Amino acid sequence: MTPLIQAEQAVLGSVFLDPDQLDHLSPWLRPEHFYRPAHAALYAAMVKLRADGHPATAGKSGDPIPLSWVTDTVQEASARTRGLTASYAHSLISACPRATHAPVYGRMVLEGAIHRSVAQHAIRLHQAARADAVRGGVEETVHHAQVLADVLADVAHRWGTEPRPVQPPSPNTSPSPQAGSVDEQVLADEEFLLGCISARPEQLLDVVGWLHPGDFADIGHQQIYRALGALHHRGEPIDQLTVLWETQRRGALSDGTLDAERVLRICDPLSLSGVAEHFGEQVVQASLVRTAAASARQVRALADDESLAPGRLIGYALHALGPLDEVRRRLQSASDTEPASPRTSSVPAVAPPEHRIDAARSRSRRATTTSAPTATAAPHAPAPDRVTRRSPS
(Lines give C-alpha, C1' and ligand atoms only; values in the text may rest on other atoms or scores of the structure.)
Protein backbone atom coordinates (compact mmCIF):
# COMPACT_ATOMS: atom_id res chain seq x y z
CA MET A 1 0.00 0.00 0.00
CA THR A 2 1.40 3.37 -1.03
CA PRO A 3 1.72 6.36 1.33
CA LEU A 4 -0.94 8.15 -0.72
CA ILE A 5 -3.54 5.44 -0.10
CA GLN A 6 -2.64 5.43 3.59
CA ALA A 7 -3.12 9.21 3.68
CA GLU A 8 -6.57 8.88 2.08
CA GLN A 9 -7.54 6.27 4.66
CA ALA A 10 -6.26 8.49 7.47
CA VAL A 11 -8.31 11.46 6.24
CA LEU A 12 -11.52 9.43 6.17
CA GLY A 13 -10.76 7.79 9.48
CA SER A 14 -10.16 11.14 11.14
CA VAL A 15 -13.51 12.48 9.91
CA PHE A 16 -15.28 9.35 11.11
CA LEU A 17 -13.71 9.93 14.53
CA ASP A 18 -14.24 13.71 14.51
CA PRO A 19 -16.76 15.12 11.99
CA ASP A 20 -15.70 18.64 12.94
CA GLN A 21 -12.51 18.05 10.95
CA LEU A 22 -14.60 18.74 7.86
CA ASP A 23 -14.52 22.41 8.85
CA HIS A 24 -10.77 22.34 8.15
CA LEU A 25 -10.92 20.11 5.06
CA SER A 26 -14.00 20.89 2.98
CA PRO A 27 -12.99 24.43 1.92
CA TRP A 28 -10.09 23.10 -0.16
CA LEU A 29 -10.22 19.28 -0.30
CA ARG A 30 -12.66 17.84 -2.85
CA PRO A 31 -13.87 14.28 -3.47
CA GLU A 32 -12.15 14.18 -6.87
CA HIS A 33 -8.79 14.68 -5.12
CA PHE A 34 -8.97 11.09 -3.83
CA TYR A 35 -7.33 8.43 -5.97
CA ARG A 36 -9.58 5.51 -5.01
CA PRO A 37 -13.22 5.88 -6.15
CA ALA A 38 -14.46 4.33 -2.88
CA HIS A 39 -12.60 6.96 -0.88
CA ALA A 40 -13.96 9.74 -3.07
CA ALA A 41 -17.50 8.43 -2.57
CA LEU A 42 -17.12 8.25 1.20
CA TYR A 43 -15.72 11.77 1.42
CA ALA A 44 -18.49 13.13 -0.83
CA ALA A 45 -21.05 11.41 1.39
CA MET A 46 -19.51 13.00 4.50
CA VAL A 47 -19.68 16.48 2.94
CA LYS A 48 -23.30 15.95 1.87
CA LEU A 49 -24.45 14.66 5.27
CA ARG A 50 -22.76 17.62 6.92
CA ALA A 51 -24.53 20.03 4.57
CA ASP A 52 -27.85 18.27 5.35
CA GLY A 53 -27.30 18.83 9.07
CA HIS A 54 -26.55 15.29 10.21
CA PRO A 55 -26.73 14.96 14.04
CA ALA A 56 -23.10 13.91 14.21
CA THR A 57 -22.02 17.24 12.69
CA ALA A 58 -24.47 19.34 14.68
CA GLY A 59 -23.36 18.24 18.13
CA LYS A 60 -20.96 20.06 20.42
CA SER A 61 -17.26 19.34 20.50
CA GLY A 62 -16.51 16.43 22.81
CA ASP A 63 -19.93 14.82 22.47
CA PRO A 64 -19.98 11.11 21.63
CA ILE A 65 -20.19 10.39 17.90
CA PRO A 66 -23.37 8.47 17.08
CA LEU A 67 -22.96 5.17 15.30
CA SER A 68 -25.36 6.43 12.66
CA TRP A 69 -22.57 8.72 11.39
CA VAL A 70 -20.70 5.68 10.09
CA THR A 71 -23.68 3.72 8.84
CA ASP A 72 -25.34 6.72 7.15
CA THR A 73 -22.08 7.66 5.45
CA VAL A 74 -21.60 4.16 4.10
CA GLN A 75 -25.21 4.03 2.93
CA GLU A 76 -24.93 7.40 1.16
CA ALA A 77 -21.62 6.44 -0.46
CA SER A 78 -22.97 3.08 -1.59
CA ALA A 79 -25.31 4.94 -3.94
CA ARG A 80 -22.17 6.08 -5.78
CA THR A 81 -19.86 3.08 -5.44
CA ARG A 82 -20.64 -0.58 -4.89
CA GLY A 83 -18.96 -2.87 -2.40
CA LEU A 84 -18.71 -0.49 0.57
CA THR A 85 -19.40 -2.03 3.97
CA ALA A 86 -19.46 -0.84 7.55
CA SER A 87 -16.48 -3.08 8.31
CA TYR A 88 -14.38 -1.19 5.74
CA ALA A 89 -15.37 2.08 7.38
CA HIS A 90 -14.18 0.75 10.75
CA SER A 91 -10.89 -0.30 9.13
CA LEU A 92 -10.45 3.31 8.02
CA ILE A 93 -10.93 4.46 11.60
CA SER A 94 -8.21 2.09 12.80
CA ALA A 95 -5.91 3.39 10.01
CA CYS A 96 -5.99 6.96 11.37
CA PRO A 97 -3.04 7.72 13.69
CA ARG A 98 -4.60 10.91 15.10
CA ALA A 99 -7.86 12.58 14.15
CA THR A 100 -6.50 16.06 14.91
CA HIS A 101 -3.91 15.60 12.15
CA ALA A 102 -6.61 15.51 9.46
CA PRO A 103 -5.48 18.75 7.71
CA VAL A 104 -1.99 17.32 7.29
CA TYR A 105 -3.35 14.08 5.89
CA GLY A 106 -5.59 16.10 3.60
CA ARG A 107 -2.62 18.00 2.21
CA MET A 108 -0.97 14.67 1.42
CA VAL A 109 -4.07 13.68 -0.54
CA LEU A 110 -4.12 17.03 -2.33
CA GLU A 111 -0.42 16.70 -3.19
CA GLY A 112 -1.05 13.36 -4.87
CA ALA A 113 -4.04 14.82 -6.72
CA ILE A 114 -1.91 17.70 -8.01
CA HIS A 115 0.69 15.33 -9.43
CA ARG A 116 -2.00 13.20 -11.10
CA SER A 117 -3.90 16.16 -12.52
CA VAL A 118 -0.80 17.80 -13.99
CA ALA A 119 0.31 14.49 -15.52
CA GLN A 120 -3.11 13.81 -17.04
CA HIS A 121 -3.37 17.24 -18.67
CA ALA A 122 0.22 16.99 -19.93
CA ILE A 123 -0.72 13.70 -21.60
CA ARG A 124 -3.74 15.35 -23.22
CA LEU A 125 -1.60 18.22 -24.49
CA HIS A 126 0.88 15.79 -25.99
CA GLN A 127 -1.91 13.82 -27.66
CA ALA A 128 -3.44 17.04 -29.05
CA ALA A 129 -0.06 18.12 -30.43
CA ARG A 130 0.44 14.79 -32.16
CA ALA A 131 -3.05 14.95 -33.65
CA ASP A 132 -2.54 18.52 -34.87
CA ALA A 133 0.77 17.51 -36.42
CA VAL A 134 -1.09 14.95 -38.52
CA ARG A 135 -4.00 17.13 -39.59
CA GLY A 136 -1.98 20.34 -39.89
CA GLY A 137 -3.73 22.56 -37.35
CA VAL A 138 -3.05 24.14 -33.98
CA GLU A 139 -6.52 24.64 -32.48
CA GLU A 140 -6.53 21.58 -30.19
CA THR A 141 -2.94 22.19 -29.14
CA VAL A 142 -3.63 25.79 -28.18
CA HIS A 143 -6.79 24.77 -26.33
CA HIS A 144 -5.14 22.05 -24.24
CA ALA A 145 -2.12 24.26 -23.56
CA GLN A 146 -4.45 26.87 -22.08
CA VAL A 147 -6.28 24.19 -20.08
CA LEU A 148 -2.99 22.97 -18.60
CA ALA A 149 -1.98 26.52 -17.71
CA ASP A 150 -5.37 27.08 -16.03
CA VAL A 151 -5.02 23.82 -14.10
CA LEU A 152 -1.60 24.88 -12.83
CA ALA A 153 -3.01 28.22 -11.72
CA ASP A 154 -5.92 26.50 -9.94
CA VAL A 155 -3.81 23.94 -8.09
CA ALA A 156 -1.38 26.70 -7.11
CA HIS A 157 -4.27 28.58 -5.53
CA ARG A 158 -5.42 25.47 -3.67
CA TRP A 159 -1.92 24.71 -2.49
CA GLY A 160 -1.46 28.29 -1.32
CA THR A 161 1.36 29.40 -3.61
CA GLU A 162 1.82 31.85 -6.45
CA PRO A 163 1.62 30.41 -9.99
CA ARG A 164 4.92 31.75 -11.26
CA PRO A 165 7.53 30.04 -13.46
CA VAL A 166 10.62 28.74 -11.71
CA GLN A 167 13.63 27.45 -13.61
CA PRO A 168 14.62 23.94 -12.50
CA PRO A 169 18.09 23.68 -10.96
CA SER A 170 19.20 21.08 -13.54
CA PRO A 171 19.87 22.63 -16.97
CA ASN A 172 18.83 19.48 -18.83
CA THR A 173 15.21 19.77 -17.67
CA SER A 174 14.33 22.66 -19.99
CA PRO A 175 12.13 21.49 -22.86
CA SER A 176 13.45 21.71 -26.40
CA PRO A 177 11.45 20.90 -29.51
CA GLN A 178 12.52 17.66 -31.10
CA ALA A 179 12.11 17.32 -34.82
CA GLY A 180 12.00 13.53 -34.80
CA SER A 181 10.18 12.31 -37.87
CA VAL A 182 9.04 15.65 -39.25
CA ASP A 183 6.26 15.58 -41.79
CA GLU A 184 7.50 16.04 -45.34
CA GLN A 185 4.98 18.82 -45.91
CA VAL A 186 6.52 20.82 -43.06
CA LEU A 187 9.98 20.53 -44.60
CA ALA A 188 8.56 21.44 -48.01
CA ASP A 189 6.93 24.56 -46.55
CA GLU A 190 10.23 25.55 -44.97
CA GLU A 191 12.12 25.17 -48.24
CA PHE A 192 9.47 27.05 -50.17
CA LEU A 193 9.56 29.88 -47.62
CA LEU A 194 13.34 30.19 -47.91
CA GLY A 195 13.04 30.15 -51.70
CA CYS A 196 10.44 32.94 -51.59
CA ILE A 197 12.69 35.12 -49.45
CA SER A 198 15.71 34.38 -51.63
CA ALA A 199 13.81 35.36 -54.77
CA ARG A 200 12.23 38.46 -53.18
CA PRO A 201 14.35 39.55 -50.20
CA GLU A 202 11.99 42.39 -49.33
CA GLN A 203 9.54 39.75 -48.07
CA LEU A 204 11.85 39.14 -45.13
CA LEU A 205 10.44 42.28 -43.54
CA ASP A 206 6.99 40.66 -43.52
CA VAL A 207 8.06 37.73 -41.34
CA VAL A 208 11.21 38.70 -39.45
CA GLY A 209 9.23 40.16 -36.53
CA TRP A 210 7.60 36.85 -35.59
CA LEU A 211 9.49 34.09 -37.44
CA HIS A 212 12.61 32.90 -35.60
CA PRO A 213 15.30 30.47 -36.77
CA GLY A 214 14.27 27.99 -34.11
CA ASP A 215 10.86 27.67 -35.74
CA PHE A 216 12.42 25.65 -38.56
CA ALA A 217 12.40 21.91 -37.92
CA ASP A 218 15.46 21.34 -40.10
CA ILE A 219 18.77 22.64 -38.75
CA GLY A 220 19.99 23.40 -42.25
CA HIS A 221 16.94 25.54 -42.89
CA GLN A 222 17.67 27.41 -39.66
CA GLN A 223 21.16 28.24 -40.92
CA ILE A 224 19.89 29.45 -44.29
CA TYR A 225 17.32 31.68 -42.59
CA ARG A 226 20.04 33.11 -40.36
CA ALA A 227 22.20 33.75 -43.40
CA LEU A 228 19.36 35.53 -45.18
CA GLY A 229 18.70 37.66 -42.13
CA ALA A 230 22.38 38.54 -41.71
CA LEU A 231 22.77 39.56 -45.34
CA HIS A 232 19.62 41.67 -45.23
CA HIS A 233 20.62 43.27 -41.94
CA ARG A 234 23.99 44.31 -43.37
CA GLY A 235 22.35 45.64 -46.52
CA GLU A 236 24.21 43.24 -48.76
CA PRO A 237 22.77 41.65 -51.91
CA ILE A 238 20.97 38.33 -51.66
CA ASP A 239 21.34 35.62 -54.27
CA GLN A 240 22.43 32.00 -54.45
CA LEU A 241 26.12 32.78 -54.13
CA THR A 242 25.92 35.31 -51.31
CA VAL A 243 23.70 32.98 -49.24
CA LEU A 244 26.08 30.10 -49.89
CA TRP A 245 29.03 32.26 -48.85
CA GLU A 246 27.29 33.38 -45.67
CA THR A 247 26.43 29.81 -44.67
CA GLN A 248 30.05 28.88 -45.22
CA ARG A 249 31.21 31.74 -43.01
CA ARG A 250 28.89 30.48 -40.29
CA GLY A 251 30.40 27.00 -40.44
CA ALA A 252 27.28 25.28 -41.74
CA LEU A 253 29.20 23.71 -44.63
CA SER A 254 32.22 22.56 -42.69
CA ASP A 255 30.23 20.85 -39.94
CA GLY A 256 28.05 18.99 -42.44
CA THR A 257 24.80 20.77 -41.60
CA LEU A 258 24.49 21.90 -45.21
CA ASP A 259 26.16 21.26 -48.54
CA ALA A 260 26.62 23.66 -51.41
CA GLU A 261 24.24 21.85 -53.76
CA ARG A 262 21.41 21.99 -51.25
CA VAL A 263 21.85 25.70 -50.56
CA LEU A 264 21.93 26.51 -54.28
CA ARG A 265 18.82 24.42 -54.89
CA ILE A 266 16.80 26.06 -52.11
CA CYS A 267 17.88 29.56 -53.18
CA ASP A 268 17.32 28.93 -56.88
CA PRO A 269 15.83 32.16 -58.32
CA LEU A 270 14.08 30.15 -61.04
CA SER A 271 11.96 28.27 -58.49
CA LEU A 272 8.32 29.19 -58.13
CA SER A 273 7.76 32.33 -56.07
CA GLY A 274 5.07 32.75 -53.42
CA VAL A 275 3.99 34.81 -50.45
CA ALA A 276 6.52 34.37 -47.66
CA GLU A 277 4.06 35.54 -45.01
CA HIS A 278 1.71 32.62 -45.69
CA PHE A 279 4.41 29.97 -45.59
CA GLY A 280 6.01 31.64 -42.59
CA GLU A 281 2.78 31.22 -40.67
CA GLN A 282 2.71 27.53 -41.62
CA VAL A 283 6.25 27.14 -40.29
CA VAL A 284 5.36 28.83 -36.98
CA GLN A 285 2.28 26.64 -36.62
CA ALA A 286 4.41 23.52 -37.04
CA SER A 287 6.89 24.96 -34.55
CA LEU A 288 4.10 25.50 -32.01
CA VAL A 289 2.98 21.89 -32.30
CA ARG A 290 6.54 20.56 -31.84
CA THR A 291 7.16 22.89 -28.91
CA ALA A 292 3.88 21.83 -27.29
CA ALA A 293 4.84 18.17 -27.56
CA ALA A 294 8.26 18.87 -26.01
CA SER A 295 6.73 20.93 -23.19
CA ALA A 296 4.14 18.24 -22.52
CA ARG A 297 6.83 15.59 -22.23
CA GLN A 298 8.73 17.77 -19.80
CA VAL A 299 5.70 18.50 -17.63
CA ARG A 300 4.79 14.80 -17.60
CA ALA A 301 8.29 13.91 -16.39
CA LEU A 302 8.03 16.53 -13.64
CA ALA A 303 4.61 15.28 -12.53
CA ASP A 304 5.89 11.70 -12.35
CA ASP A 305 8.63 12.79 -9.93
CA GLU A 306 7.02 12.11 -6.54
CA SER A 307 9.89 13.83 -4.74
CA LEU A 308 8.80 17.24 -6.08
CA ALA A 309 6.69 19.27 -3.70
CA PRO A 310 3.60 20.77 -5.37
CA GLY A 311 5.00 24.30 -5.21
CA ARG A 312 8.13 23.30 -7.12
CA LEU A 313 6.17 21.11 -9.51
CA ILE A 314 3.88 24.01 -10.42
CA GLY A 315 6.77 26.45 -10.86
CA TYR A 316 8.83 24.04 -12.96
CA ALA A 317 5.82 23.11 -15.09
CA LEU A 318 5.02 26.76 -15.80
CA HIS A 319 8.66 27.26 -16.78
CA ALA A 320 8.42 24.30 -19.16
CA LEU A 321 5.39 25.93 -20.80
CA GLY A 322 7.30 29.19 -21.32
CA PRO A 323 8.66 28.35 -24.80
CA LEU A 324 5.20 27.28 -25.89
CA ASP A 325 3.69 30.57 -24.72
CA GLU A 326 6.39 32.46 -26.62
CA VAL A 327 5.67 30.65 -29.90
CA ARG A 328 1.94 31.07 -29.37
CA ARG A 329 2.32 34.84 -28.96
CA ARG A 330 4.37 35.07 -32.15
CA LEU A 331 1.81 33.00 -34.05
CA GLN A 332 -0.88 35.36 -32.82
CA SER A 333 1.19 38.29 -34.07
CA ALA A 334 1.47 36.62 -37.46
CA SER A 335 -2.29 35.99 -37.60
CA ASP A 336 -3.08 39.58 -36.60
CA THR A 337 -0.81 41.06 -39.26
CA GLU A 338 -2.78 43.32 -41.57
CA PRO A 339 -2.36 43.06 -45.34
CA ALA A 340 0.83 44.68 -46.44
CA SER A 341 0.38 48.27 -47.59
CA PRO A 342 2.37 49.82 -50.43
CA ARG A 343 5.94 50.24 -49.30
CA THR A 344 7.27 53.71 -48.71
CA SER A 345 10.66 55.06 -49.52
CA SER A 346 11.86 54.25 -46.00
CA VAL A 347 11.84 50.52 -46.79
CA PRO A 348 14.87 49.21 -48.67
CA ALA A 349 14.27 48.14 -52.25
CA VAL A 350 14.81 44.63 -53.54
CA ALA A 351 18.09 45.47 -55.20
CA PRO A 352 20.91 47.06 -53.18
CA PRO A 353 21.17 50.87 -53.52
CA GLU A 354 23.84 52.14 -55.87
CA HIS A 355 25.89 53.57 -53.04
CA ARG A 356 26.44 50.06 -51.65
CA ILE A 357 28.95 47.54 -52.85
CA ASP A 358 28.00 44.65 -55.07
CA ALA A 359 29.56 41.74 -53.18
CA ALA A 360 29.45 40.64 -49.56
CA ARG A 361 33.17 40.97 -48.90
CA SER A 362 34.12 43.87 -51.24
CA ARG A 363 33.72 47.32 -49.77
CA SER A 364 36.14 49.43 -51.74
CA ARG A 365 33.76 52.09 -53.09
CA ARG A 366 32.21 54.82 -50.95
CA ALA A 367 28.58 55.88 -51.13
CA THR A 368 27.88 58.95 -53.22
CA THR A 369 24.55 60.49 -52.34
CA THR A 370 23.45 64.09 -52.28
CA SER A 371 20.41 63.62 -50.11
CA ALA A 372 20.50 64.31 -46.38
CA PRO A 373 20.84 61.32 -44.02
CA THR A 374 17.53 59.76 -43.12
CA ALA A 375 16.24 59.18 -39.61
CA THR A 376 17.36 55.57 -39.74
CA ALA A 377 20.98 56.34 -40.44
CA ALA A 378 23.54 54.87 -38.07
CA PRO A 379 24.41 57.22 -35.22
CA HIS A 380 28.13 56.88 -35.79
CA ALA A 381 30.40 57.68 -38.70
CA PRO A 382 31.30 54.81 -41.06
CA ALA A 383 34.70 53.22 -41.02
CA PRO A 384 37.10 54.36 -43.77
CA ASP A 385 36.49 51.19 -45.82
CA ARG A 386 32.77 50.87 -45.09
CA VAL A 387 29.67 52.52 -46.42
CA THR A 388 26.92 53.97 -44.27
CA ARG A 389 24.43 51.29 -43.21
CA ARG A 390 20.74 51.62 -42.64
CA SER A 391 18.70 49.24 -40.47
CA PRO A 392 15.47 47.85 -41.93
CA SER A 393 12.48 49.85 -40.76
Side-chain angles (χ1 to χ4, degrees), residues 1-16 19 21-51 73 76-77 80-81 84 88-89 92 95-99 101-127 144-166 168 295-321:
M1 185 180 299
T2 65
L4 175 61
I5 300 302
Q6 291 178 328
E8 292 185 359
Q9 292 179 338
V11 168
L12 298 174
S14 64
V15 178
F16 275 134
Q21 293 299 324
L22 284 174
D23 295 336
H24 309 293
L25 295 171
S26 58
W28 47 271
L29 187 64
R30 295 179 177 177
E32 58 265 27
H33 293 154
F34 288 80
Y35 177 72
R36 283 191 173 177
H39 295 168
L42 285 170
Y43 184 76
M46 292 172 173
V47 174
K48 183 179 184 302
L49 292 177
R50 175 175 176 269
T73 299
E76 177 67 28
R80 302 169 181 263
T81 302
L84 289 176
Y88 183 70
L92 295 177
C96 175
R98 289 193 179 184
H101 293 173
V104 178
Y105 306 148
R107 288 182 69 84
M108 296 177 185
V109 174
L110 178 59
E111 181 172 341
I114 289 174
H115 277 260
R116 288 196 309 276
S117 178
V118 173
Q120 290 169 359
H121 285 88
I123 292 173
R124 292 171 186 170
L125 174 59
H126 188 263
Q127 292 172 341
H144 285 282
Q146 185 60 52
V147 170
L148 176 56
D150 293 341
V151 167
L152 291 172
D154 177 69
V155 297
H157 172 72
R158 293 187 177 280
W159 189 252
T161 185
E162 288 293 327
R164 58 185 182 87
V166 177
S295 296
R297 287 192 297 268
Q298 176 64 17
V299 174
R300 171 68 187 280
L302 291 169
D304 289 342
D305 185 359
E306 296 180 350
S307 66
L308 279 181
R312 288 192 296 163
L313 169 61
I314 295 167
Y316 295 168
L318 289 172
H319 182 271
L321 292 178

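In this chain, residues are counted from 1 in sequence order. These numbers come from a predicted model, not from an experiment. Values reported hereafter were calculated over all heavy atoms of this structure, with side chains retained and with hydrogens, waters and symmetry mates removed.
Relative orientation of the Tyr43 and Phe34 rings is tilted, given thresholds of 30° and 60° on the angle between their planes.
In this structure, Tyr105 and Pro97 have side chains that are in contact, with non-hydrogen atoms separated by less than 4.5 Å. Between Leu110 and Val155, the closest side-chain pair of non-hydrogen atoms is not below 4.5 Å. Counting only heavy atoms from C-beta outward, the side chains of Phe16 and Cys96 never approach each other to under 4.5 Å. Between Leu125 and Val147, every side-chain heavy-atom pair lies at or beyond the 4.5 Å cut-off. Side-chain atoms of His144 and Leu148, non-hydrogen and from C-beta on, never get closer than 4.5 Å to each other. Proximity of His319 to Pro168: side-chain heavy atoms (C-beta onward) are separated by under 4.5 Å at one or more points. Looking at heavy atoms from C-beta onward, Lys48 lies in side-chain contact with Glu76 at the 4.5 angstrom threshold. With contacts defined as side-chain heavy-atom distances shorter than 4.5 Å, the pair Val166/Leu318 does not qualify.
A donor-acceptor pair under 3.5 Å is formed between the side chain of His33 and the backbone N or O of Arg30. A side-chain donor-acceptor contact under 3.5 Å links His115 to the backbone of Ala303. Without hydrogens or angle criteria, Glu8 side chain to Tyr35 main chain gives a donor-acceptor distance under 3.5 Å. For the pair Arg50 (side chain) and Ser26 (backbone), a donor-acceptor distance under 3.5 Å is absent. Judged by distance alone, the side chain of Thr161 and the main-chain N or O of Gly311 form no donor-acceptor pair under 3.5 Å. Checking side-chain atoms of Ser117 against main-chain N and O of Ala113 turns up no donor-acceptor pair under 3.5 Å.
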Give the intermediate values and the outcome of side-chain contact (heavy atoms from CB on, under 4.5 Å) for residues Glu306 and Leu4.
CA-CA 11 Å; Glu306 296 180 350; Leu4 175 61; over 6 Å; no
Run Gln6 and Thr2 through side-chain contact (heavy atoms from CB on, under 4.5 Å) and show every step you take.
CA-CA 6 Å; Gln6 291 178 328; Thr2 65; over 6 Å; no
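Residues Leu302 and Leu308 approach most closely at O-CD1, 3.6 Å, considering heavy atoms. Across all their heavy atoms, Arg158 and Trp28 have their closest contact at NH1-O, 3.5 Å. Contact between Ala122 and Val299 at its shortest, heavy atoms only, is CB-CG1, 3.8 Å. Of all heavy-atom pairs between Thr81 and Pro37, the closest is OG1-O, 3.8 Å. Across all non-hydrogen atoms, the minimal contact from Ala320 to Ser295 is O-OG, 2.9 Å. When all heavy atoms are compared, the tightest approach of Glu111 to Ala309 is OE2-CA, 4.3 Å.
Other residues, nucleotides and ligands contribute more than 12 heavy atoms inside 6.0 Å of the CD atom of Glu32. Counting heavy atoms of neighbouring residues, nucleotides and ligands inside a 6.0 Å radius, atom CZ of Arg116 exceeds 12 of them. A 6.0 Å sphere centred on CD of Gln120 holds more than 12 heavy atoms belonging to other residues, nucleotides or ligands. Heavy-atom neighbours of His101 NE2 from other residues, nucleotides or ligands within 6.0 Å: above the threshold of 12.
The structure places CG of Asp154 at 14.0 Å from CH2 of Trp159, a figure rounded to the nearest 0.5 Å. To the nearest 0.5 Å, the span separating CG on Leu84 from NE2 on His39 amounts to 8.5 Å. Summarising the geometry, atom CG belonging to Leu42 is positioned 6.5 Å from atom CG belonging to Leu92; distances are rounded to the nearest 0.5 Å.
Salt-bridge annotation for Glu162 and Arg164: absent, with no side-chain N of the basic residue lying under 4.0 Å from a carboxylate O of the acidic one.
When each of Ile5, Leu29, Ile114 is paired with Val109, the side chain to side chain contact (heavy atoms under 4.5 Å, CB included) condition holds for Leu29 and for no other.
Taking the side-chain contact (heavy atoms from CB on, under 4.5 Å) definition, one finds that Pro103 meets it with Gln21, His24, sequence neighbours left out.
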